[in-house]
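Labels below follow one simple rule: chain letters A, B, ... track the order of the sequence lines, proteins then strands, and each chain is numbered from 1. Owing to the predicted nature of the structure, the values given are computational and were not obtained by experimental measurement.
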Amino acid sequence: MPRSPGLSYVSVTDADLVSRVRRGDLEAYAELMARYRPRLGRYAFCLLGNREDAEEVLQDTFIRAHRALARGDEPERVGAWLFRILVNRCRSRRARREPFDRTPAGTAALEQASVEHPWERESWRDEIRHALQQLPADQREAFLLKHVEELSYEEIAEMTGAGTSALKMRVKRACERLRGLLREVYRV
Amino acid sequence: MSEPEGPDDPMLRAAIRELRRPVDLGPGVDARVLAELRREGAARRAWHWLTRPRTVRVSPLRAAGLAAAVAAVSVLVVTAVRQVTAPRAEPLAVGAAPPGEVAFVLAAPAADRVSLVGDFNDWNPDAAPLTRRANGVWETALPLPPGRYRYTFIVDGTRWVRDPTEPPALDDFGTPTSVITVARR
């Protein structure tokens with residue numbers, strides 16, 4: 001399977017950490033979490049749309065991963081394996097939660113924004129996140145995994161169970177919809 | 001199908017660049033995880049301490065007395081268990097599970113291998129392989145604590161197949177998964 005640059009930095013060092021974790025070394029696990037937390041947190045936050053849910057899912061992912069390592073599981077690529085757990089925990093969490101609630105602050109900032117260089121404004125990030133939450137969940141998931149996490153379609157298919165053709169279609173539609181939403185917001 | 005044209009759009013490219021910035025949810029997550037793992041570790045160590053084999057030295061007279069007491073208790077327990085459980089002469093049917101376990105069954109005569117992934121095994125395709133029976137039915141049984149689990153079968157390593165005997169998961173990700181609720185026993 002082709003490996004994306006996004007997950008290829010998992011190295012021997014990761015394997016060493018895993019080996020220490022399996023011998024009960026929590027310091028090694030702390031190091032592993034620190035290594036992957038920013039990236040896993042980014043995905044959870046972008047997909048779920050709020051920090052509280054993202055933190056809870058990330059915490060759950062790390063606890064489950066540690067239990068699996070303690071049981072004797074030996075993931076070949078720790079990063080990809082953690083991501084697989086996270087993606088599915090996000091799915092389970094998403095099924096139980098209300099959709100993203102847009103904050104009034106983001107709306108106000110947008111109304112005061114200039115048209116010429118919208119991407120330079122602080123509200124830009126809020127607007128992107130808001131637009132992202134307007135996508136159907138399957139499109140948002142595929143878009144994030146492909147364009148933000150830079151995974152290959154084969155990796156995403158293995159992680160999500162969707163076929164590569166369906167994934168490509170989801171990403172295409174997500175891009176079209178996002179582009180439309182952002183242009184509408186900024187009247188480009 | 002060609003790659004999506006989205007990233008060619010400057011605004012979309014800028015959006016993707018923005019989304020790629022790491023979102024650090026803070027070390028609080030790590031601290032809470034480590035606290036939970038320390039609690040679990042302490043409980044595990046306590047259990048191991050209680051259940052580890054020990055060498056006990058007793059006099060021959062005391063050993064005989066102890067053996068007699070253990071034998072008496074065993075007879076009582078076996079008698080009581082026989083009174084409350086019905087004998088089971090026939091082998092388990094397809095889909096039946098030993099007490100305390102949940103059976104998962106899939107008819108897939110053409111499959112070379114089938115595994116079960118779900119919330120209960122962190123979607124690890126190596127964790128729960130199914131066993132093939134003579135009629136092309138695959139099955140396994142897992143001890144699951146009470147709860148609600150989303151799961152699916154993976155056929156031949158790549159194809160996700162929903163369990164047709166359980167309700168589909170009501171999520172909106174468009175992949176075939178089912179939901180099972182394990183009640184308290």
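In summary, A:R67 and B:E40 engage in a salt bridge, as defined by a charged side-chain N under 4.0 Å from a carboxylate O. At a threshold of 4.0 Å, the pair A:R84-B:D122 does not count as salt-bridged, since none of the basic side-chain nitrogens sits closer than that to a carboxylate oxygen.
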*So B:R21 and A:R42, side-chain contact (heavy atoms from CB on, under 4.5 Å) or not? Walk me through it.*
CA-CA 8 Å; B:R21 290 171 190 260; A:R42 173 176 70 186; over 6 Å; no

*Apply side-chain contact (heavy atoms from CB on, under 4.5 Å) to the pair B:L19 and A:R125, showing each step before the final yes or no.*
CA-CA 8 Å; B:L19 289 169; A:R125 175 173 273 205; over 6 Å; no

*Would B:D30 and A:Q59 count as a side-chain contact (heavy atoms from CB on, under 4.5 Å) if you check the C-alpha gap in whole Å, the side-chain angles of each, and the deciding distance to 0.1 Å?*
CA-CA 7 Å; B:D30 299 17; A:Q59 190 175 321; over 6 Å; no

*asked:* Please evaluate residues B:M11 and A:L178 with respect to the criterion side-chain contact (heavy atoms from CB on, under 4.5 Å), reporting the C-alpha separation (whole Å), side-chain torsions for both, the decisive distance (0.1 Å), and the verdict.
replied: CA-CA 10 Å; B:M11 184 176 262; A:L178 267 185; over 6 Å; no

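Using a 4.5 Å cut-off between heavy atoms, A:L40 does not touch chain B at all. B:R17 does not touch chain A: none of its heavy atoms, backbone or side chain, sits under 4.5 Å away. The contact between A:L47 and chain B is made entirely by side chain atoms (from C-beta outward), counting heavy-atom distances below 4.5 Å. Only the side chain of A:F143 comes within contact range of chain B, with heavy atoms under 4.5 Å apart. In this structure, the portion of A:I128 lying under 4.5 Å from any heavy atom of chain B is its side chain and not its backbone. Heavy atoms closer than 4.5 Å to chain B are found nowhere in A:R173, neither backbone nor side chain.
Ranking A:Y43, A:F45, A:W81 against chain B, the residue ahead of the rest is A:F45, based on heavy-atom pairs under 4.5 Å. Interface check for chain A: of the options B:R38, B:E36, B:R159, B:R32, the most heavy-atom pairs under 4.5 Å are formed by B:R32. Each of A:I63, A:L144, A:D60, A:T61 has some count of heavy-atom pairs under 4.5 Å with chain B, and the biggest count is that of A:I63. The candidate from A:I85, A:T160, A:L132, A:T164 with the greatest count of non-hydrogen atom pairs under 4.5 Å with chain B is A:T160. Across B:P125, B:G157, B:A127, the residue that shares the most heavy-atom pairs under 4.5 angstrom with chain A is B:P125.
Looking at heavy atoms from C-beta onward, B:V33 lies in side-chain contact with A:M33 at the 4.5 angstrom threshold. For the pair A:F62 and B:V29, the minimum side-chain heavy-atom distance is below 4.5 Å. When side chains are defined from C-beta on, B:L12 counts as touching A:C175, because their heavy atoms get closer than 4.5 Å.
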